[in-house]
Protein chains: 2
Amino acid sequence: MSDTPKDDVSEDTAADRFLQQFTGYRIKRALLVVHEDMTETLVPLGLRVGTFAPLAVVAANPGISQTKLSDVLKIKRSGVVAVVDELERIGAIERKPVAGDRRTNALFMTTAGGRLWQQAEAAIQAHEDRLFTDLTDEDNDQIRDLLSRVILRAERAKE
Amino acid sequence: MSDTPKDDVSEDTAADRFLQQFTGYRIKRALLVVHEDMTETLVPLGLRVGTFAPLAVVAANPGISQTKLSDVLKIKRSGVVAVVDELERIGAIERKPVAGDRRTNALFMTTAGGRLWQQAEAAIQAHEDRLFTDLTDEDNDQIRDLLSRVILRAERAKE
DNA sequence: GTTCAATTGTTCATTGACATAACAATTCGG
DNA sequence: CCGAATTGTTATGTCAATGAACAATTGAAC
């Protein structure tokens with residue numbers, strides 16, 4: 001990546017600056033780099049960006065159902081199946097039957113899954129510290145607060 | 001969307017808050033809602049989120065090559081082909097041969113494309129104003145500055 | 001109680017937005 | 001001039017997510 005031809009740097013950055021006048025584009029680019037670094041962080045643990053969040057939710061909500069999980073993650077039930085399959089296949093969580101309702105699966109972390117989650121959480125924390133190290137704690141609070149307000153604002157507008 | 005079953009609001013928002021402790025997840029959620037609103041904004045004009053940025057770059061850089069466009073957009077040349085195909089098919093831009101190099105395409109906006117771009121830019125500006133209306137101008141400057149620093153930081157770290 | 005509607009998890013086909021690899025045509029460098 | 005590099009292109013795959021249909025099960029009306 002260090003050998004990128006930069007015969008035209010000024011024009012490149014000018015075009016880049018032009019595009020970044022749009023906040024939406026800026027968010028996309030930010031997500032791109034964060035996603036990439038997060039992938040590198042999780043792969044050694046056998047996780048992906050798409051399995052980290054589900055694992056986090058199950059860790060914090062033992063016995064949660066798949067439908068509930070789909071609500072929290074804002075993805076469809078059909079999408080949850082694949083993710084839960086994967087996490088079960090690597091032995092991190094397991095589906096258990098629920099007493100009063102034979103339709104529902106209750107999701108629990110295994111003990112191995114608990115260890116995995118500990119590692120993953122620490123690794124992601126380090127990843128965020130590393131990625132956002134230029135930012136002060138104040139900056140971090142700000143960016144998170146501002147993003148939250150964007151999310152809330154937009155979701156309220158959808159109703 | 002207004003009839004979402006909310007029998008369990010407190011737990012939902014708790015789980016949500018838990019997930020949003022991760023800035024990466026927050027960015028993803030923010031992008032999700034922004035992307036959705038942006039789509040609704042662009043579809044009436046015959047554009048998509050994925051064609052807006054290329055159109056913007058061609059508008060600001062008449063005669064740009066596809067390879068150059070792929071650099072600016074941070075996508076591969078093969079991906080540019082489909083996007084340019086689409087923009088050419090709807091009559092917004094056109095490929096023109098370059099004098100000294102028969103390999104290269106120079107991309108230009110058509111006059112219809114110019115009108116389209118004017119509308120699209122105004123529409124997206126309105127979309128951002130609407131979506132970020134809760135935020136002060138200061139907030140907006142901050143969020144954009146912070147995202148930029150995240151992007152720069154991460155891209156520098158990749159080298 | 002029975003029956004009809006709703007819920008849960010699942011499968012399958014599809015989409016969107018990319019990436020990778022190979023390729024022909026063309027241009028460039030020594 | 002010839003081999004290396006560049007440009008656009010095609011074909012193929014991947015990743016994340018969606019939508020539609022489905023069987024099993026549960027809930028509600030009455």
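A note on names: the letters A, B, ... follow the listed sequences, proteins ahead of strands, and every chain is numbered from 1. None of the values given here were measured: they were computed from a predicted structure.
Taking atom CG of residue Leu31(A) and atom C1' of nucleotide dC15(D), one finds them 14 Å apart after rounding to whole Å. The nearest whole Å value for the distance from the CD atom in Glu36(B) to the C1' atom in dA17(D) is 13 Å. In this structure, Lys68(A) places its NZ atom 12 Å from P of dG9(C), rounding to the nearest Å. Rounded to whole Å, atom P of dA19(C) lies 12 Å from atom CG of Asp71(B). Straight-line distance from the CG atom of Leu73(B) to the P atom of dA17(C): 13 Å, rounded to whole Å. Atom P of nucleotide dC15(D) and atom CG of Leu47(A) are separated by 15 Å, given to the nearest angstrom. When rounded to the nearest whole Å, the span between CZ of Arg48(B) and P of dG16(C) equals 7 Å. When rounded to the nearest whole Å, the span between CG of Leu32(B) and C1' of dA17(D) equals 10 Å.
Checked against Leu55(B) for a side-chain contact (heavy atoms from CB on, under 4.5 Å), the options Leu107(B), Ile90(B), Ile93(B) give a single hit: Ile93(B). Test Thr41(A), Leu47(A), Thr39(A), Leu45(A) against Val43(A) for side-chain contact (heavy atoms from CB on, under 4.5 Å) and you get one pass: Thr39(A).
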Evaluate Val34(B) against His127(B) for side chain to side chain contact (heavy atoms under 4.5 Å, CB included), listing each step before the verdict.
CA-CA 9 Å; Val34(B) 170; His127(B) 138 87; 4.1 Å; yes
Given side chain to side chain contact (heavy atoms under 4.5 Å, CB included), test Glu36(B) with Met38(B) step by step and report yes or no.
CA-CA 5 Å; Glu36(B) 188 171 336; Met38(B) 202 171 163; over 6 Å; no
Under the criterion side chain to side chain contact (heavy atoms under 4.5 Å, CB included), I'd like the reasoning laid out for Leu73(B) against Val83(B): C-alpha separation, chi angles, the key distance, then a yes or no.
CA-CA 11 Å; Leu73(B) 296 176; Val83(B) 160; 5.6 Å; no
Step-by-step side chain to side chain contact (heavy atoms under 4.5 Å, CB included) determination, Asp85(A) to Arg95(A)
CA-CA 9 Å; Asp85(A) 280 352; Arg95(A) 293 169 161 101; 3.0 Å; yes
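Taking five base pairs at each end of the helix from dG1(C)-dC30(D) to dG30(C)-dC1(D) and finding the rotation axis that steps the C1' atoms of four pairs onto the next four gives two axes whose angle is 20°, to the nearest 10°.
Taking only side-chain nitrogens and oxygens, Arg95(A) comes nearer than 4.0 Å to OP1 or OP2 of dT10(C). When the side-chain nitrogen and oxygen atoms of Lys74(B) are compared with OP1 and OP2 of dA19(C), none of them lie within a distance under 4.0 Å.
Of all non-hydrogen atoms in Ser70(B) and Thr67(B), the two that sit nearest each other are OG-O, 2.8 Å. Across every non-hydrogen atom of Glu86(A) and Arg48(A), the tightest pair is OE1-NH2, 2.8 Å. Listed here is the closest heavy atom pair of Trp117(B) and Ala56(B): CH2-CB, 3.4 Å.
Considering only side-chain atoms of Gln66(B), the nucleotide from dG8(D), dA17(C), dT8(C) that sits closest is dG8(D). Picking from dT8(C), dA19(C), dT18(D) the nucleotide with the shortest atom distance to the side chain of Ile75(A) gives dT18(D). Between dT20(C), dG9(C), dT7(D), one nucleotide has an atom nearer to the side chain of Lys76(B) than all others, and that is dT20(C).
One finds no salt bridge joining Arg77(A) and Asp71(A) here, because no Lys/Arg side-chain nitrogen approaches an Asp/Glu carboxylate oxygen to under 4.0 Å.
For residues 78-94 of chain A, proximity to DNA chain D is found at Ser78(A), Gly79(A), defined as any non-hydrogen atom under 4.0 angstrom from a strand atom.
For the pair His35(A) and Ser65(B), both in contact range of DNA chain D, the more 5′-proximal nearest nucleotide belongs to Ser65(B).
Taking the six-membered ring where the residue is Trp, the centroids of Phe52(B) and Phe22(A) are separated by under 6.0 Å.
With rounding to the nearest 0.5 angstrom, the CZ atom of Arg29(B) is 13.0 Å from the CG atom of Leu31(A).
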Under 4.0 Å protein heavy-atom contact, by nucleotide of nucleotides 24-30 of chain C - B base, S sugar-phosphate only:
-BBS---
